[in-house]
Each structure stands twice: as structure tokens, then as C-alpha cells.
Protein chains: 2
Amino acid sequence: MPEFPSDSVGLVTPQTAHFDDPLALACGRTLPAYDLVYETYGTLNAERTNAILICHALSGHHHAAGFHSTDERKPGWWDAHIGPGKSIDTDRFFVVSVNNLGGCHGSTGPTSENPETGRQWGPDFPIMTVGDWVHSQARLADRLGIERFAAVIGGSLGGMQVLQWTLSYPERIAHAGVIAATPKLSAQNIAFNEVARQAIRSDPDFHDGWYADHGTAPRRGLKLARMVGHITYLSEDAMGSKFGRDLRTTDLNFGFDVEFQVESYLRYQGDTFSTSFDANTYLLMTKALDYFDPAAPHDGDLARALAPAACPFLVVSFTTDWRFPPPRSKELVNALVRADKSVSYVNIDSSHGHDAFLMPEPRYQAVFAAFMNRVAGDLGLEGQS
Amino acid sequence: MPEFPSDSVGLVTPQTAHFDDPLALACGRTLPAYDLVYETYGTLNAERTNAILICHALSGHHHAAGFHSTDERKPGWWDAHIGPGKSIDTDRFFVVSVNNLGGCHGSTGPTSENPETGRQWGPDFPIMTVGDWVHSQARLADRLGIERFAAVIGGSLGGMQVLQWTLSYPERIAHAGVIAATPKLSAQNIAFNEVARQAIRSDPDFHDGWYADHGTAPRRGLKLARMVGHITYLSEDAMGSKFGRDLRTTDLNFGFDVEFQVESYLRYQGDTFSTSFDANTYLLMTKALDYFDPAAPHDGDLARALAPAACPFLVVSFTTDWRFPPPRSKELVNALVRADKSVSYVNIDSSHGHDAFLMPEPRYQAVFAAFMNRVAGDLGLEGQS
């Protein structure tokens with residue numbers, strides 16, 4: 001009797017790679033040594049040409065597919081797309097998924113020990129950029145003997161890492177999958193991030209980031225940050241059809257207990273997140289989003305910024321995504337066209353807003369599968385399918 | 001030398017009306033006695049037919065036009081539309097603007113003394129509904145000897161009060177101006193209100209609403225609530241063109257001080273508001289928004305709910321308003337048409353988002369002025385212009 005679904009990668013075990021060579025960061029500081037925690041699914045072929053790198057979003061991590069135990073209720077965050085016979089077919093690809101530096105799921109970050117002080121890095125952990133992450137991911141590739149990824153793929157903040165890969169290491173990426181992303185944040189995106197940061201930093205339990213020393217955590221602030229985030233992840237339509245104005249009780253209570261379903265949902269999401277995620281990590285991740293702007297050093301000319309890119313792109317957006325809406329993807333597509341790059345663009349009809357990139361929308365899966373078939377074909381991997 | 005612009009109503013003095021007859025509220029409780037603070041501009045004619053009632057929005061108040069002193073830097077919140085020769089022409093209309101019950105600008109609210117206890121009402125102040133406000137406004141009209149308003153006009157939450165007037169007192173309103181409003185909130189609207197409430201209520205200085213007894217106020221929470229609110233008042237475009245990603249300093253600081261203009265703007269708006277507005281009032285106002293749903297007692301059939309309405313409507317929306325976007329106004333317009341009411345609808349091209357209803361957009365002013373001319377014409381007030 002199988003313990004897991006037949007199209008699941010099944011039981012997976014995270015691995016840790018330790019790096020002792022210092023990593024110079026965009027902020028000017030250097031990380032003397034660090035760990036990267038990652039998972040792999042499938043088998044690296046003898047030619048080492050079938051590796052796919054998965055980049056995660058704001059609150060993501062390395063656990064993209066399969067299960068950590070038979071008790072785990074939910075599989076990894078991109079399990080809908082990674083597995084035997086799925087879009088990212090682990091029968092032919094070797095998939096690598098890494099927790100980014102600054103994270104709170106095993107890779108070196110604010111909750112790790114600072115070797116210089118012997119206590120947690122906390123707020124002293126350097127602010128990371130998308131570029132820093134890509135450099136650290138390239139070192140992990142070195143460690144795994146992967147000279148060139150068949151594809152680097154990611155959604156949202158993950159898509160920004162993919163874009164950065166095509167600019168920082170054009171010779172090491174054969175295909176780029178940029179999903180539900182944007183070449184830079186809008187003022188409104190930054191504004192929402194700023195509310196999240198203010199919520200965390202103004203929580204009296206934040207203690208300037210040294211909350212661990214005080215045996216506490218800014219849970220109220222992190223809860224609020226997550227509630228605001230959730231509103232931006234769902235489309236207005238999705239919220240409407242999910243909750244409408246349904247009351248939890250038949251009558252209004254004329255008080256401040258939960259009355260509408262959407263209140264209950266948001267409070268629950270916020271509470272859960274606030275006990276499982278590190279606040280300093282959340283702050284760092286929002287800054288990495290705000291800072292991403294590859295066109296900035298080129299006077300805002302994105303096409304010029306894209307000059308180094310050498311691989312074909314798939315760009316995907318979702319109709320009801322109002323966090324990074326289709327026009328932001330089109331901006332990238334137009335710049336790629338102006339820069340004379342190879343790009344396919346698909347705007348997927350979905351009611352799920354930004355979160356659609358995580359979901360098994362049939363047309364999205366078909367587009368994704370076709371792209372991965374092209375990746376396999378370009379690299380002569382067909383026979384392995 | 002004139003102290004004020006020639007099209008200003010000039011120096012105005014708020015007045016207070018005290019009511020000793022108890023007001024029964026939707027929540028089932030009764031307000032034993034209360035004050036309403038209000039301002040008037042222009043002169044009530046002998047026939048008492050030229051009175052206009054202005055209803056305010058979430059954080060509004062009675063000071064809609066003119067100046068409280070020669071030192072006041074900014075005039076009332078709707079000064080762009082109220083004054084001699086302006087859309088709401090005080091040379092022919094008598095304008096009444098009232099601070100709603102539960103407010104914090106002079107009318108009885110959470111910061112007033114509870115006669116039963118001798119201390120501030122605080123969180124014990126009853127939760128008000130749009131219907132309660134309309135009843136209290138009708139009593140003020142009685143006091144002023146106004147049997148029927150030539151028009152009741154308001155934007156946002158103010159527009160909901162106008163709509164309620166047409167249902168609660170159809171014989172007392174000759175024209176309705178419903179601007180940038182909605183017949184009920186969406187799940188997303190409620191979600192944003194819930195984040196604001198959680199921000200205030202989870203602030204350790206909230207003390208279950210008894211912050212005044214502790215000599216403090218939940219300023220961090222109120223600041224966050226206002227920051228979230230501001231994002232929803234501005235269009236993405238307006239934010240983009242106002243701030244773009246402009247940095248305050250030339251270089252990124254890789255820290256959490258202000259780096260982007262939009263951060264500075266939001267922090268400033270939040271700080272200012274948090275020292276000038278009462279948190280319990282803010283909570284009440286968001287609840288009044290959430291609860292407004294005149295179609296609810298009619299199985300959600302808005303056209304059926306609108307049956308009592310007897311006056312012509314002007315409905316105005318703004319193209320970039322994403323808080324109460326044009327489709328929400330169209331919902332109201334369609335229901336009015338189905339209910340066989342007289343309605344004019346205009347969707348104004350504006351880049352200012354929800355805040356556009358406060359601004360002197362030329363086409364908006366022209367539409368507004370034409371509507372007020374119709375009001376004057378219908379009531380035979382032409383000669384006074």
C-alpha cells in the first residue's frame with residue numbers, strides 16, 4: 001500500500017551544504033561562512049544536464065515537493081507542479097530547491113549564530129539582495145557539480161531570482177521561467193511592504209530586533225504583516241467568492257468578535273504565520289523585494305539591463321493578480337523583445353489572484369508542461385521521459 | 001484687504017445642538033442624550049426649501065468649508081465644492097454639515113462623558129450604524145426647522161448615508177448625491193477594515209479601549225490603520241506618479257530607515273493621524289462601513305430595497321478608485337433603474353483614486369454644478385443665484 005500519491009516525489013530529506021569561503025554581499029558586508037539547506041527530487045544524469053533550480057517567494061523555503069514524514073498533512077509548496085509525470089517531471093529532471101540566505105528554515109539567517117559574537121545574528125544579519133541569493137545558489141550548484149541549469153524557475157520573488165540568474169550567470173542557465181513576477185516593485189507594492197515592516201518594528205516585543213534575547217517575538221506585528229500580505233495575494237473576486245459577506249453567526253454582534261468569514265480567515269492565517277516565521281527574516285525578504293530593480297544601473301532602461309541574458313524565457317502572469325498584475329509581466333516581455341531575446345508570454349485566466357502561481361490551474365499546467373518539454377527537447381533529454 | 005479667498009465661506013463657527021430625547025439604536029441600545037456639532041454656510045430661505053445636508057466619510061467631520069480662524073492653514077475638507085459661486089453655491093443654498101455620533105470632533109462619542117458612569121464612554125459607546133446617523137441627522141433637521149432637504153450629498157461613507165436617507169426619510173429628501181460609494185462593502189473592503197481594527201486592538205496601549213484611563217492611546221495601531229487606509233485611498237497610478245520609486249537618499253541604506261518617498265509619506269500621514277483621531281471612533285466607523293447593506297433585509301435584492309426612494313439620484317464614480325470602484329456604483333445605478341427610479345450616473349476620469357471625490361477635478365465640478373442647478377431649478381430657487 002503506497003503511503004504517498006503515485007505522482008508524488010514521496011518522502012524527502014533536506015540536506016545542508018556548508019560553505020567556508022566568504023560571500024561578498026551587495027550591502028558591502030561579507031558573510032564569513034554559511035549553510036544552505038536544500039532538497040533534491042529526481043536523479044542528476046551522467047552528463048549533469050538535467051538540473052532544474054527552483055527559487056522560492058517571500059515566505060517560502062526549500063520544501064517545494066513531497067513529504068518530510070508520513071505524518072505531514074500538506075506536501076511541499078509547489079507539489080502541484082513537481083513530481084513523476086508532473087510539469088516539472090522528476091522522472092527526467094533533477095530538481096534542486098534551496099532555502100535562501102536570511103531565511104528561517106535552516107539556511108543561515110537571523111536566527112543562526114553569529115560566529116563573531118556567539119549569539120544569534122538577529123537584526124545584525126546583513127540585508128540580502130536578489131543578486132546575493134543568486135550568487136549563493138551558484139555556489140550550491142558548484143558544490144553539486146552542476147555547471148549549467150537546464151532551467152531556473154520561480155514565482156513572485158522567485159521569478160525575480162530567475163531574472164537575476166539570466167543577468168548574473170547567463171552561461172549557467174539554459175531556460176528561464178519567470179512566473180507572476182515583476183521587473184521592479186510599484187510604489188503601492190513598496191507601500192504594502194512598509195506597512196508590514198512598521199507593524200513588526202513598532203510591536204513592543206520587537207526590541208529593535210533582539211526579541212530572542214528577551215525570550216519573546218513580535219507576534220502581533222508579524223500577524224498584521226501577514227494579514228496585509230494575504231489581502232494582496234488573493235484577488236478581490238477570489239475573496240468575494242470565497243467569503244462574500246458571509247456572517248459566521250446569523251446576527252451582527254455589534255462588537256469586535258469575528259462576524260464575517262473573511263475576518264476569521266485572516267486572523268487564522270496571521271496567527272499561524274506569527275508563530276512559525278521569524279520577524280527579522282520577514283523584514284529582510286521585504287527589503288529584497290523593494291531593492292530589486294535590474295534596470296536601475298542602466299538609467300531605468302530594462303531592455304539595456306537585459307543585454308547579458310542568453311536563454312529563452314517563459315513569462316507567465318495571471319489575469320486577477322493585482323500584486324504583480326499582467327502589465328508588469330508585459331513590461332518585462334516588451335523589454336525582452338526590444339533586447340532581441342527569445343520569449344514566450346502567457347497570461348493565464350485565473351480567479352485566484354497572485355496565489356494562482358501556486359495552484360494547479362489546468363491551462364497553467366499545460367503551458368508549464370509544454371515549456372518543460374521544450375527544455376527537455378533542447379537538451380536532448382526526450383528519451384528519459 | 002480680504003482675509004480669505006473671495007469664493008470662500010470665510011470664517012465659520014461650529015455650533016452644538018443638545019438632544020435630551022433618547023435615540024434608539026440599531027444595536028438595541030439607547031443613547032439617553034447627545035450633542036451634535038455642526039456648521040452651516042449660507043442662509044436658510046424664508047420657505048426653508050434651500051437646505052443641503054453634507055454627510056462625511058470615515059475620518060471626516062462637520063468642518064466641510066471655510067476656516068475656523070485666520071490662522072487655519074487648510075480650509076474645510078470639501079471647500080473645493082462649497083462656497084459662493086462653487087458647485088454647492090452658498091449664495092443660494094443653506095448648507096448643513098454635521099459630525100456624526102460616535103465621532104471625535106465634538107459630537108457625542110467615545111471620548112464624551114457617559115452620564116451613567118461619569119467617565120468617558122470609551123469602548124462602551126454603542127456601535128453606530130449608517131441608519132442611526134441618519135435618524136440623528138433628521139432630528140437636527142427638525143431642530144433647524146428643515147422639513148425637507150433640497151439635497152443630501154456625501155462621498156464614500158457619506159454616500160452611504162445619502163442612500164440611507166432616501167430609504168429612511170424619502171419624504172424629507174428632494175435630491176440625492178451619492179459619490180464614490182457602494183451599496184455594500186466587498187470582502188476585500190472588510191478585510192482591510194479588519195486589519196485596521198486588529199492593528200488598533202492588538203496595540204498594548206489599547207487596554208481594551210480604556211486607554212484614556214491609562215493616560216495613553218494606541219498610537220502605533222492607529223498609525224498602521226491609517227497607513228493601510230491611505231494605500232486604499234490612492235490609486236496605484238497616483239502613487240506611482242506621486243512617488244515612483246524615488247529614493248530620499250541617493251544610495252540604498254541597507255537598513256530600515258526611510259529609503260523610498262512613499263515610505264516617508266505613509267509614516268508622516270500615519271503619525272499625524274495617530275495624534276489627532278480617537279481609536280475607539282475609528283473602530284466604530286469601520287464597523288458602520290462593514291454593516292451597511294440595505295439589500296440584506298430583502299434577500300440581497302437591492303432593487304427591492306430601493307423601493308421607498310422617491311427622489312432623483314446623481315451617482316458619481318471615479319475611474320481609478322479601487323476602494324469603491326466604478327462597478328460598485330454601477331450596481332447601485334442598475335438597481336435604481338430596475339426599481340424605476342430617476343438616476344444620472346457619471347464615471348469621472350481621474351488619476352486620484354478614491355480621494356478624487358475630495359478634489360477639484362474640472363469635469364467632476366461641472367457635473368456637480370449641473371446637478372446643483374437642477375436641484376435649484378426643481379425647487380424654484382433659480383432667482384437667488
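Within every chain, numbering begins at 1; the chains are lettered A, B, ... in the order of the sequence lines, protein sequences first and strands thereafter. Worth knowing before you read on, the calculation uses all heavy atoms, side chains too, and leaves out hydrogens, waters and symmetry mates.
- Note: B:Gln198 leads B:Met128, B:Met239, B:Gln198 in heavy-atom pairs under 4.5 Å with chain A.
- Residue contact with chain B, scored on non-hydrogen atoms closer than 4.5 Å, involves the backbone and the side chain of A:Phe192 alike.
- Counting heavy-atom pairs closer than 4.5 Å to chain A, the top-ranked of the candidates B:Leu284, B:Val228, B:Leu224 is B:Leu224.
- Aromatic pair A:Phe318/A:His352: centroids not less than 6.0 angstrom apart.
- No side-chain heavy atom of B:Leu332 sits less than 4.5 Å from a side-chain heavy atom of B:Thr182.
- Neither the backbone nor the side chain of A:Arg29 comes within contact range of chain B, judged by heavy atoms closer than 4.5 Å.
- Contacts with chain A were tallied for B:Leu283, B:Leu266, B:Ile231, B:Val262; B:Ile231 has the most, counting heavy-atom pairs under 4.5 Å.
- Of the residues considered (B:Tyr265, B:Trp322, B:Phe256), B:Phe256 shows the highest number of contacts with chain A, using heavy-atom pairs under 4.5 Å.
- No part of B:Ala238 comes within reach of chain A, as not one of its non-hydrogen atoms sits under 4.5 angstrom from that chain.
- With ring centers used as reference points, A:Phe273 lies under 6.0 Å from A:Tyr282.
- In this structure, CZ in B:Phe243 is found 11.0 Å from CD in B:Glu263, a value given to the nearest 0.5 Å.
- Proximity of the aromatic rings of B:His230 and B:Tyr233 is defined here by a centroid distance below 6.0 angstrom, and this criterion is met.
- The only member of B:Met285, B:Arg197, B:Glu194 that meets side-chain contact (heavy atoms from CB on, under 4.5 Å) when paired with B:Asp290 is B:Arg197.
- For chain B, the option among A:Pro126, A:Gly28, A:Ala26 with the highest count of heavy-atom pairs below 4.5 Å is A:Ala26.
- Under the 4.5 Å side-chain criterion, counting only non-hydrogen atoms from C-beta, A:Leu58 is in contact with A:Leu289.
- For A:Lys242, no part lies under 4.5 angstrom from a heavy atom of chain B.
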